[in-house]
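For reference, the structure discussed in these notes is given below.
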There are 2 protein chains.
Amino acid sequence: MKFSKGQSCDTCLLKCDIYSTLIKTENGMEENKPLHAILKKHDVICKQGTEVTHAIFLVKGSAKLYIEGLNNRNIILYILKPPAYIGLLSFFDSPFYSYSVTALEESEVCFIELGLVKKLYVENHELLLSLNKAFGKSVTSIMKKIISLNQKQIRGRIAENLIYLSELHNSHSFHLGLSRKEIGEMTAISEENTVRLLTEFSKEKIIATKGRNIEILDMPLLKKISEVG
Amino acid sequence: MKFSKGQSCDTCLLKCDIYSTLIKTENGMEENKPLHAILKKHDVICKQGTEVTHAIFLVKGSAKLYIEGLNNRNIILYILKPPAYIGLLSFFDSPFYSYSVTALEESEVCFIELGLVKKLYVENHELLLSLNKAFGKSVTSIMKKIISLNQKQIRGRIAENLIYLSELHNSHSFHLGLSRKEIGEMTAISEENTVRLLTEFSKEKIIATKGRNIEILDMPLLKKISEVG
DNA sequence: ATATAAAGTTGATATATAACAATGTTACAA
DNA sequence: TTGTAACATTGTTATATATCAACTTTATAT
C-alpha cells in the first residue's frame with residue numbers, strides 16, 4: 001500500500017459525498033486533505049476485528065468484502081466497485097470492523113479521518129442521509145445473500161452468482177477478477193464443486209469459459225436455474 | 001391488531017429516542033401523537049415486500065424478525081424485545097421492507113409516521129445518530145448469523161442458539177416463546193432434526209427440557225459445542 | 001366432553017455436497 | 001530456462017442433513 005497526501009480532491013473525478021460536504025461547509029479543504037493510497041492486488045484495505053479509524057472510499061479498481069469465518073474460511077458478501085464507501089457497515093455502530101476488504105486488482109482508495117466525517121455530519125445531515133442510503137442498500141443485498149446461501153442448492157447459487165457478476169461488469173462477457181476458490185467463497189461452495197459446476201454449465205452451453213473469461217450464452221436459462229434454487 | 005390513538009407518550013415507560021427528540025424540539029406532542037397498537041400472538045407487525053410508511057417501536061412483548069425465503073421457508077434472524085426499533089433495517093434505504101416481523105406473544109407497538117421521523121432527524125442529528133447506532137448493531141449480529149448458518153454444523157448451531165436465547169432471557173432457565181419448528185427456522189435446521197438435537201442434549205445432561213421450558217445445565221460445554229462448530 | 005388441528009417425536013431412507021486424492025496447467029521467480 | 005508454487009480439474013468416497021412416513025401428545029374449538 002503506497003500512501004500519498006499530496007493528491008487533491010479537486011482533481012478527483014468521483015466527488016464523493018464527503019468532498020461535496022467539505023466544500024459546502026466552511027471546513028477548509030487544505031487542512032483536511034484525505035490520505036490517498038494506491039493498492040496492489042491482494043492488499044488488505046480493512047481487516048475484520050481491527051479498529052475503525054477512517055472512512056474509506058474506493059476510487060479506482062475493485063475489492064472484495066468478506067467475513068472471515070471458522071477454520072480460515074471466508075464468505076465473500078459482494079464485490080465493491082467505485083464509487084463505494086468501504087467502512088460503511090461498521091461505520092456508525094461498533095469501533096471494530098465486522099468484515100474485511102481486500103483489493104482484487106490495482107486499486108485506489110481515500111482514507112478520511114473518522115473525526116472529520118463525524119464533525120461533518122453533525123453539521124450537515126445531508127451527508128449522514130446519503131451515507132445511510134448506501135448503508136441500507138448493503139443490508140438489502142445481504143438479506144438476499146442469506147436466502148441464497150441457505151435455501152438454494154449449489155447449481156442455483158452458482159447461476160445466481162454468474163448473473164450477479166454479469167450485472168457488475170455490465171456485460172454478458174467478462175473477465176473474472178476472481179479465482180475458482182473465490183467464486184466458491186461467494187457462493188459457499190467447495191472449490192472442487194465450483195469447478196465442476198462451471199464445466200457442467202459449459203457443456204450445457206449455458207456459458208462459455210476460457211480461463212477466467214466467462215461469457216453467458218443463455219441468460220434466460222441461467223435465470224431459471226437461479227430462481228428454481 | 002387493535003389500534004388506539006388516545007395513548008400518550010407521557011405515560012409510556014420506555015421513552016424512545018423519537019419521543020425525547022419530539023419534546024426537545026418545538027414540534028408539539030399533541031398533533032404528533034403516535035398510533036399505539038396492541039397485538040396478539042402471530043399478528044404481523046410488518047410484512048416483507050410491503051411499503052415502509054411508519055417507524056415502528058416495540059414497547060411491550062416480543063417479536064421475531066425473519067426473512068421469507070423460498071418455498072415458504074423462513075429464516076428468523078433474531079428476536080426483538082423492547083425497547084426496539086422494528087422498521088430499522090429498511091428505514092433509510094428502500095421504501096419496502098426486506099423482512100417481516102410478527103409478534104410472539106401479546107405485544108404492544110407504536111407507529112410513528114415516517115414523515116415525522118424524517119422531519120425530526122433533519123432538525124436533530126442526535127436522533128439520526130442513535131438510530132444509526134441501533135442499525136449498526138443489527139448488522140454486526142447478522143454477520144455472525146451468516147457465519148453460523150454456513151460454517152457450523154447443526155449441533156453447533158443449536159448450541160449457539162440456546163446460548164442466544166438464554167442471554168435474551170437473562171437466565172439459564174427460560175420458557176421458549178417458540179415452537180421447535182421456529183427454533184429450526186432460527187438455525188436453518190429441519191424441524192425433525194431440531195427435536196432430535198434437543199433430546200440428544202437432554203440425554204447428555206447439557207440441558208433439561210419440559211415442553212417449551214428449557215434449562216441449561218452445562219453452559220461451558222454448550223459454549224464449547226457452539227465454538228467448535 | 002369430544003373432535004380436530006397443531007405440535008412434537010422417532011426411525012428409516014435418500015441425497016446433496018464436502019472431503020480426499022491424484023494429476024494437469026499456468027504463472028512467475030531465480 | 002528451469003523450478004516452484006498457485007491455480008484448476010476430475011474421479012471416488014464419506015457424511016451431514018433433509019425428507020418421508022407413521023405415530024403420540026398437547027392444545028383449541030365446538
Side-chain angles (χ1 to χ4, degrees), chain A residues 40-42 64 69-76 102 104-106 148-161 175-203 207-214 225 228-229, chain B residues 40-42 64 69-76 102 104-106 148-161 175-203 207-214 225 228-229:
Chain A
K40 284 182 304 187
K41 192 174 175 173
H42 296 137
K64 59 177 176 180
L70 279 20
N71 304 115
N72 293 317
R73 287 235 171 74
N74 301 328
I75 296 177
I76 299 176
T102 74
L104 288 171
E105 58 187 304
E106 174 148 329
S148 176
L149 295 185
N150 288 288
Q151 302 192 331
K152 289 185 181 180
Q153 40 194 82
I154 55 174
R155 240 177 106 85
R157 299 213 291 273
I158 283 284
E160 184 179 20
N161 200 239
H175 179 85
L176 283 178
L178 303 159
S179 67
R180 312 290 191 216
K181 190 184 171 197
E182 284 171 318
I183 298 288
E185 287 176 342
M186 293 196 79
T187 49
I189 300 175
S190 70
E191 192 185 350
E192 294 94 325
N193 278 332
T194 305
V195 171
R196 258 183 277 266
L197 286 166
L198 288 177
T199 55
E200 208 172 287
F201 281 0
S202 289
K203 280 179 192 158
I207 62 170
T209 62
K210 201 179 174 195
R212 289 194 182 178
N213 291 304
I214 291 195
I225 294 168
V228 170
Chain B
K40 282 182 303 182
K41 193 175 175 171
H42 296 138
K64 58 176 177 182
L70 279 21
N71 303 114
N72 292 317
R73 288 234 169 74
N74 301 327
I75 297 178
I76 300 176
T102 74
L104 288 171
E105 58 186 305
E106 173 149 328
S148 176
L149 294 184
N150 288 288
Q151 302 192 332
K152 289 186 183 181
Q153 39 193 85
I154 54 173
R155 241 177 104 86
R157 299 214 290 274
I158 283 284
E160 184 179 22
N161 201 240
H175 179 84
L176 283 178
L178 304 159
S179 68
R180 311 286 148 142
K181 190 183 171 196
E182 284 171 317
I183 298 288
E185 286 176 342
M186 293 195 80
T187 48
I189 301 176
S190 69
E191 190 185 350
E192 294 93 326
N193 278 333
T194 305
V195 171
R196 257 184 278 267
L197 285 166
L198 288 178
T199 54
E200 206 172 287
F201 280 1
S202 290
K203 279 180 193 156
I207 61 170
T209 62
K210 201 179 173 192
R212 289 195 181 179
N213 292 303
I214 292 196
I225 294 168
V228 170

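All heavy atoms count here, side chains included; hydrogens, waters and symmetry mates do not. A note on names: the letters A, B, ... follow the listed sequences, proteins ahead of strands, and every chain is numbered from 1.
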Subject >> Euclidean distance, atom NZ of residue B/Lys41 to atom C1' of C/dA6 [Å, nearest integer] >> reply: 11 Å
Original post:
Expressed in angstrom and rounded to an integer, what is the separation of A/Ile189 atom CD1 from C/dA18 atom P?
Top reply: 7 Å
Subject >> Check: D/dC7 base within 3.5 Å donor-acceptor of A/Glu191 side chain >> reply: no
**OP:** Give B/Ser190 one of three labels, base, sugar-phosphate or nothing, depending on what nucleic acid heavy atoms sit under 4.0 Å from its own.
**Re:** base
Original post:
Do B/Arg212 side-chain atoms and B/Leu176 backbone N/O form a donor-acceptor pair below 3.5 Å?
Top reply: no
**OP:** Compare side-chain N and O positions of A/Asn193 against OP1 and OP2 of C/dT17 and report whether any pair is under 4.0 Å apart.
**Re:** no
Original post:
How close or far is atom P of C/dT17 from atom CD of A/Glu200, stated in whole angstroms?
Top reply: 11 Å
**OP:** For B/Arg212, report the nucleic acid contact type (base, sugar-phosphate, nothing); a contact means any heavy atom under 4.0 Å.
**Re:** sugar-phosphate
Subject >> Residue B/Ile154, side-chain atoms from C-beta onward, closest of C/dT17, D/dT17, C/dG8 >> reply: D/dT17
**OP:** Would you mind reading off the distance between A/Gln153 atom CD and D/dA16 atom C1', rounded to a whole angstrom?
**Re:** 15 Å
Original post:
Pick the nucleotide of DNA chain C nearest each of B/Lys203 and B/His42; which residue has the one closer to the 5' end?
Top reply: B/His42
Original post:
Could you give the CG-to-C1' distance, from A/Asn71 to C/dA18, as a whole number of Å?
Top reply: 13 Å
**OP:** Using whole Å, report how far NZ of B/Lys181 lies from C1' of D/dA18.
**Re:** 15 Å
**OP:** Provide, to the nearest angstrom, the distance between the CD atom belonging to A/Glu192 and the C1' atom belonging to C/dT23.
**Re:** 13 Å
**OP:** With the side chain of B/Val195 defined as its heavy atoms from C-beta on, choose the nearest nucleotide among D/dT17, C/dT10, C/dA7.
**Re:** C/dT10
Original post:
Of the nucleotides D/dA8, C/dT17, C/dT9, which one has an atom closest to the side chain of B/Arg180?
Top reply: C/dT9
Original post:
Can a salt bridge be assigned to the pair A/Arg155 and A/Glu200 using a cut-off of 4.0 Å between side-chain N and carboxylate O?
Top reply: yes
**OP:** Mark yes or no for whether B/Gln151, through its side chain, and B/Ser148, through its backbone, hold a donor-acceptor pair below 3.5 Å.
**Re:** no
Original post:
Just how far, in rounded Å, is P of D/dT17 from CD of A/Gln151?
Top reply: 16 Å
**OP:** Could you tell me whether B/Arg73 contacts a base, only the sugar-phosphate backbone, or nothing, with contacts defined as non-hydrogen atoms closer than 4.0 Å?
**Re:** sugar-phosphate
Subject >> Cationic N near anionic O, under 4.0 Å, B/Lys40 to B/Glu106 >> reply: no
Original post:
With B/Arg196, which of B/Asn193, B/Thr199, B/Thr194 fulfils side chain to side chain donor-acceptor pair (under 3.5 Å)?
Top reply: B/Asn193
Subject >> Heavy-atom donor-acceptor pair, B/Arg196 side-chain to C/dG8 base, under 3.5 Å >> reply: no
